[in-house]
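A note on names: the letters A, B, ... follow the listed sequences, proteins ahead of strands, and every chain is numbered from 1.
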2 protein chains.
Amino acid sequence: MPARSLDRSLIRGLDIFASMQEDDLEAVLEGASARQVPAGTPVFEQGAEAREFFLLLHGHLKVVQTTPDGQQVVVRHVNPGDIYGIAKALRRTDYPATSIAVVDSLTLAWPSSRWDPLVARNPVLATNALQTVGQRLQDAHARIRELSTEEVERRVAHAVLRLVQQAGRKTEEGVLIDFPVTRQDIAEMTGTTLHTVSRVMSAWEAKGLVASGRKRIVVLDPHRLVALADAAE
Amino acid sequence: MPARSLDRSLIRGLDIFASMQEDDLEAVLEGASARQVPAGTPVFEQGAEAREFFLLLHGHLKVVQTTPDGQQVVVRHVNPGDIYGIAKALRRTDYPATSIAVVDSLTLAWPSSRWDPLVARNPVLATNALQTVGQRLQDAHARIRELSTEEVERRVAHAVLRLVQQAGRKTEEGVLIDFPVTRQDIAEMTGTTLHTVSRVMSAWEAKGLVASGRKRIVVLDPHRLVALADAAE
DNA sequence: CGGTGCCTTGAGAATTGTCAACCGCTGTGG
DNA sequence: CCACAGCGGTTGACAATTCTCAAGGCACCG
């Protein structure tokens with residue numbers, strides 16, 4: 001499906017296209033195609049040749065690295081409006097990770113070969129991409145800091161709060177994380193095991209901090225969870 | 001000290017200035033000043049206003065984040081030719097970490113305000129910076145993967161090998177890491193304690209893998225160390 | 001030659017992982 | 001429509017890794 005026919009309101013106002021001319025934006029979209037991604041389906045896979053780069057319009061993806069011995073690590077989540085899979089811009093020929101839809105999603109895709117001409121015509125694109133990647137680098141450093149210095153409970157608290165920020169939806173009960181998340185997912189985000197995550201969250205449940213069930217997490221008392229994440233004890 | 005007087009051979013051939021015109025390069029250097037940084041001295045400090053960005057000409061820096069409770073994490077090392085402290089390009093007003101010289105070093109510095117005009121005149125700069133930051137993001141993800149899935153000994157092995165790659169110098173004995181590194185430094189790179197690092201390296205010493213002493217590490221058998229880092233024992 | 005900084009090593013404790021068993025949804029096919 | 005398979009979750013017991021606390025030694029600098 002060509003992207004021209006897309007609702008412009010989806011596109012305008014995305015960070016990556018900030019301060020671009022109307023007709024330049026049209027030209028950018030010219031080269032894109034839109035694609036439906038059912039939940040559980042990969043958009044691209046680790047090690048595959050990086051033929052395309054992407055922009056998420058709707059839904060949620062997780063980006064996962066798999067170690068040689070099969071363990072998985074969730075590198076980050078992709079939210080609507082994010083660009084991803086821009087391996088070519090980083091001078092890589094293959095994707096360093098796999099991206100999988102966690103809910104039914106809609107993405108734009110451009111051929112990787114389009115990146116250089118696009119940037120040539122719209123230098124602001126490189127600047128915006130630099131800011132985006134820079135933000136991700138800082139997020140990554142924050143996670144390194146957490147993994148290095150915090151114990152499991154605080155890491156899990158940070159991970160849950162990050163999910164709340166990215167996909168929190170207010171309900172009567174509290175803040176619901178608006179896509180399916182398993183204990184295993186949280187474990188892969190925090191460098192621990194699903195068993196430990198389960199124990200931690202059971203304890204929180206007993207204290208009235210969260211309510212959770214199958215693939216579902218509701219934060220009942222964000223304030224106390226923040227306190228737990230930030231301070232010791 | 002103005003940068004104009006610098007030896008051009010130091011500058012030419014740096015990744016960040018790849019495919020720039022001669023006179024553009026001159027203009028870039030116009031705005032820079034050179035600065036001597038004695039070992040142990042910070043170039044900039046975490047939380048300070050980001051007035052400048054930098055390029056390392058000679059020496060080695062470590063980039064450190066300090067947690068609220070005083071623990072330190074080594075985020076990365078800066079090698080000659082690297083740009084660093086480009087907080088403004090990432091739309092930050094302050095530095096997210098402290099950078100400290102580990103040996104006497106020489107750096108160029110530009111006022112942060114110069115970044116935007118420089119990029120406007122030399123769009124390739126943004127592209128090159130994007131690649132650099134992209135590479136760092138991948139390095140950071142690799143570390144996240146290690147911290148999440150590997151146990152201490154392998155993490156330390158990876159850290160030492162990374163140092164070898166960045167600053168290894170062949171000697172008769174083996175490969176010397178060419179700047180002072182303490183057990184504490186390695187601990188801050190791998191998310192463990194100096195005690196555990198000391199034990200691990202003592203064991204390696206006994207097996208003839210490395211020779212190490214005060215602030216000094218020589219890898220005697222890189223091949224076996226790689227094997228240790230990659231495979232599960 | 002004294003002091004400070006870096007390194008080593010031991011003993012015991014704490015966190016977290018491993019192994020195992022079991023529960024209860026959920027959704028699918030007969 | 002019901003039964004059942006399979007996935008996700010929970011919990012206990014135990015083991016292992018790693019940290020904490022403590023003491024002491026050695027090398028380098030002033």
Is there a side-chain polar atom (N or O) of A:T192 under 4.0 Å from OP1 or OP2 of C:dT16? no
To the nearest 0.5 Å, tell me how far B:E49 CD sits from B:S112 OG. 8.0 Å
With rounding to the nearest 0.5 Å, note down the distance linking CD in B:E151 to OG1 in B:T196. 12.0 Å
In this structure, how many angstroms lie between the [atom2] atom of [N] and the [atom1] atom of [X], rounded?
X      : N      : atom1 : atom2 : answer
B:L147 : C:dG17 : CG    : P     : 13 Å
B:E150 : D:dT18 : CD    : P     : 11 Å
B:D185 : C:dC7  : CG    : C1'   : 13 Å

Please, which pairs that meet ring-ring contact (aromatic ring centres under 6.0 Å, His included) have at least one residue in residues 178-223 of chain A, sequence neighbours excluded? A:H60-A:F179, A:H77-A:F179
What one-letter contact string describes nucleotides 3-13 of chain D from 5' to 3', where B marks a base within less than 4.0 Å of any protein heavy atom, S marks contact via sugar-phosphate atoms alone, and - marks no contact? ----BSSBBBB
Under a plain distance cut-off of 3.5 Å, with no hydrogens placed, do A:H158 and A:E150 share a side-chain donor-acceptor pair? yes
Quick check on the helix from C:dC1-D:dG30 to C:dG30-D:dC1: what's the angle between its two end axes, five base pairs per end, to the nearest 10°? 30°
A:R51 atom CZ, neighbour heavy-atom count above 12 within 6.0 Å: no
Per the side chain to side chain contact (heavy atoms under 4.5 Å, CB included) rule, which among A:L176, A:V175, A:V164, A:I177 passes with A:I217? A:I177
B:D185 and B:K62 ion-paired at < 4.0 Å: yes
I'd like to know whether B:Q135 forms a side-chain hydrogen bond (donor to acceptor under 3.5 Å, both in side chains) with B:Q131, so could you lay out the CA-CA distance, the side-chain angles of the two residues, the decisive distance to 0.1 Å, and finally the verdict. CA-CA 6 Å; B:Q135 182 56 52; B:Q131 275 164 17; over 6 Å; no
